[in-house]
Number of protein chains: 2
Amino acid sequence: MPPTASSPVLLTKRGLARQQKLLEVAERAFLQNGYAATSVNEIVRQAGGSLGTLYRQFGNKLGLFEAVFKKKSQEIFAPFDDDALWSDDMAKSLYTFGHTLQHIALSADGVAIYRLVVSENNLDQGEIQKIFYRHGPQTAIRVLARYLEKQMKAQRIELLNAELAAQQFLEMIKGPFVLRALFGESLAEQELETALNQAIMLFLKGCEKTV
Amino acid sequence: MPPTASSPVLLTKRGLARQQKLLEVAERAFLQNGYAATSVNEIVRQAGGSLGTLYRQFGNKLGLFEAVFKKKSQEIFAPFDDDALWSDDMAKSLYTFGHTLQHIALSADGVAIYRLVVSENNLDQGEIQKIFYRHGPQTAIRVLARYLEKQMKAQRIELLNAELAAQQFLEMIKGPFVLRALFGESLAEQELETALNQAIMLFLKGCEKTV
DNA sequence: CCAAAAGTGTAATGTATGCTACACTTTGTT
DNA sequence: AACAAAGTGTAGCATACATTACACTTTTGG
C-alpha cells in the first residue's frame, strides 16, 4: 500500500533521516542515469537502511521518483517567484530575466531534468511530466507573457500573441544550447551573452510600435 | 564479431528480405519505446526469422540501433538538400523554409527521433547523437545561415552572428511545440502558422538595416 | 513499561533481458 | 553433385531487476 495523504506514514527520527538520505541519493541517481537505468537496490545500498523502509515510505519505485521529481522541479524554478526584476526599461528587464533563465535551464540539473521529462513519458501516462511543465517552464513563460501584455496595453509594442512571443523569446536564448549541454559540451559564457543580446535586439526592434 | 566494412556479411535473397524486415520492425520499436525498453527477442518474434540472423547481420543490439538510426535521420532531413526555395524575397523564403522545418521537426517520427537523441546519450559515448546532429539539424541551420550571410553582405540586414540567428529562428518556430508534441498533444495547423508568422515578423523587423 | 508500529538486514521470488549454442535446413558457387 | 556459408528454431545461460517475506531490533505513545 503506497503512502497517501489519507494514510500517511509515521516517521521516527531515524526514519526521517533515512527518508532524506534516500531522496538525496535517489535524486543523484535519477538525474544521472534516468528512471529505468536506476536501481532501487543500489539506492538503498548507497543510502543505508533497508529496502523495506523505502517501500513503506514511497510505495514503489515510481513513488520515489515522483517525490524526487516534484521536489527538484520546484527548487529549480523557485527564482521566478520574484516580481522585482520587471521595470519599464524593457531591454534591462529582458536581460536580467533572460540571464537568469539561461543559467537555470542550461545548468547540469536543468538539462538532467529536461532529459527526464523527454525520456520517460510512458511512466504515468505522462502525468508527472505535465506537472513539471506547469510548475516549471509554464510559470516562467507566464511571468514574461504578463509583462509583455502590459507593454502592449501601454502601446509600446505590438505582437500577434504575447504568450507565444514569450515562449519564442525563451527558445531564442536557450534553444540553441540545450542539445550541446546535453552532449556534455561546456558553454562559454560569452556565447550565452551573445545569444541573449541578439535575441533582445531582434525582439525589441521586431515588435516596437511603428507609429 | 560485428559486421564491418572490411568483413561484410554476405546475404542470400532470403537474408536480404529478413534484413529489411528486421530494420522495419526495429525502427518502429525503437521510435516507439526507446532503446532500453526495446527487446531484441520481440523484434525477431515480430519480424520472423531467427535471433542468430540478427546477430550475424548486426553484431549486437547497438549495431541494429545504429543501422536504424542513421537510415532514419538521413531520411528525415532529406528535404533540405533543395536549394530552390531561396529568393531575395526574404519573407517568402523564410516562410517556405520554416513551414517545411516545422512539419519535419514536429512530425511523429521527428519527435520520436528527438526523444532518442535526448534520452540515450550514454550508449556510444554520445557518438551516434553527434552524427545525427551534424547530419540533421546542423544541415538545416547551415543552409539558413548561408542565406542570411548573403543578405548581410548585400547590406539588407544586420546581425551579430548569422549562424546563431539561424538557430534562433529555428527555435522560435519549433521550440514552443516540441514538448507538447512529445506529450502527444495534437497541434493545430493554425498555431504553427501563427508562430511562423510572428517569428518572421520579429525577425525581419528586428534585423532590418536602419540607414 | 509495554504493546504496536517503524526500521533493519538478508534472502528469496518471479520475471525479463541480451546473448550464445547447437542441431538442422536452405541457398549459392564451383 | 558437393561443399561451405547463411538462415532457422529452440533451448538455455547468466544476469539484473522490482518487489515481497520474514525474523529481528529499535523507537514511540499511552
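Throughout, a chain's letter reflects where its sequence line sits, starting with A, and its residues are numbered from 1.
Both B:Leu51 and B:Lys13 lie close to DNA chain C; mapped to their nearest nucleotides by heavy-atom distance, the more 5′-ward contact belongs to B:Leu51. Mapping A:Val40 and A:Ser50 onto DNA chain D by nearest heavy atom places A:Val40 closer to the 5' end of the strand. Residue whose closest nucleotide on DNA chain C sits further toward the 5' end, between A:Gly48 and A:Asn41: A:Gly48.
OP1 or OP2 of C:dT8 lies within a sub-4.0 Å distance of a side-chain N or O belonging to A:Thr53. Taking side-chain N and O atoms only, B:Arg18 has a distance below 4.0 Å to OP1 or OP2 of D:dT8. Side-chain N/O atoms of B:Gln19 include none lying less than 4.0 angstrom from OP1 or OP2 on D:dG7.
Set against C:dC19, D:dT8, C:dG7, the side chain of A:Arg14 has C:dG7 as its closest nucleotide. Comparing atom distances between the B:Arg56 side chain and each of C:dA11, C:dG9, D:dT8 picks out D:dT8 as nearest. Considering only side-chain atoms of A:Ser39, the nucleotide from D:dT28, C:dT8, D:dA18 that sits closest is D:dA18.
Classified by interplanar angle (parallel below 30°, tilted 30° to 60°, perpendicular above 60°), the ring pair A:His99/A:Tyr95 is parallel. The aromatic rings of A:Tyr133 and B:Phe183 stand perpendicular to each other, their planes meeting at an angle above 60°, with 30° marking the opposite boundary.
Here the P atom of nucleotide C:dT20 and the CG atom of B:Leu54 are 12 Å apart, to the nearest Å. We find that CZ of A:Arg45 is positioned 13 Å from P of C:dA11, with the value rounded to whole Å. Distance, B:Tyr55 OH to D:dT8 P: 16 Å, rounded to whole Å. The distance from atom CD of A:Glu42 to atom P of D:dC17 is 8 Å, rounded to the nearest whole Å. A straight line from CZ of A:Phe65 to C1' of D:dA18 spans 16 Å, rounded to a whole angstrom. Separating the CG atom of B:Leu22 from the P atom of D:dA6 is a distance of 16 Å, rounded to the nearest angstrom. Put simply, CG on A:Leu16 is 16 Å from C1' on D:dT26, counting in whole angstrom units. Distance A:Lys61 NZ to D:dT20 P: 14 Å, rounded to the nearest Å.
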Query raised in the report: For B:Glu66 and B:Lys70, what are the C-alpha separation, side-chain angles and deciding distance, and is it a salt bridge (charged side-chain N to carboxylate O under 4.0 Å, His left out)?
Result: CA-CA 6 Å; B:Glu66 282 192 45; B:Lys70 288 180 182 172; 3.7 Å; yes
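In this structure the side chain of B:Arg28 reaches within 4.5 angstrom of the side chain of B:Gln46, judged on heavy atoms.
A salt bridge is defined here as a Lys NZ or Arg NE, NH1 or NH2 lying under 4.0 Å from an Asp or Glu carboxylate O, and A:Lys71 with A:Glu75 meets this definition.
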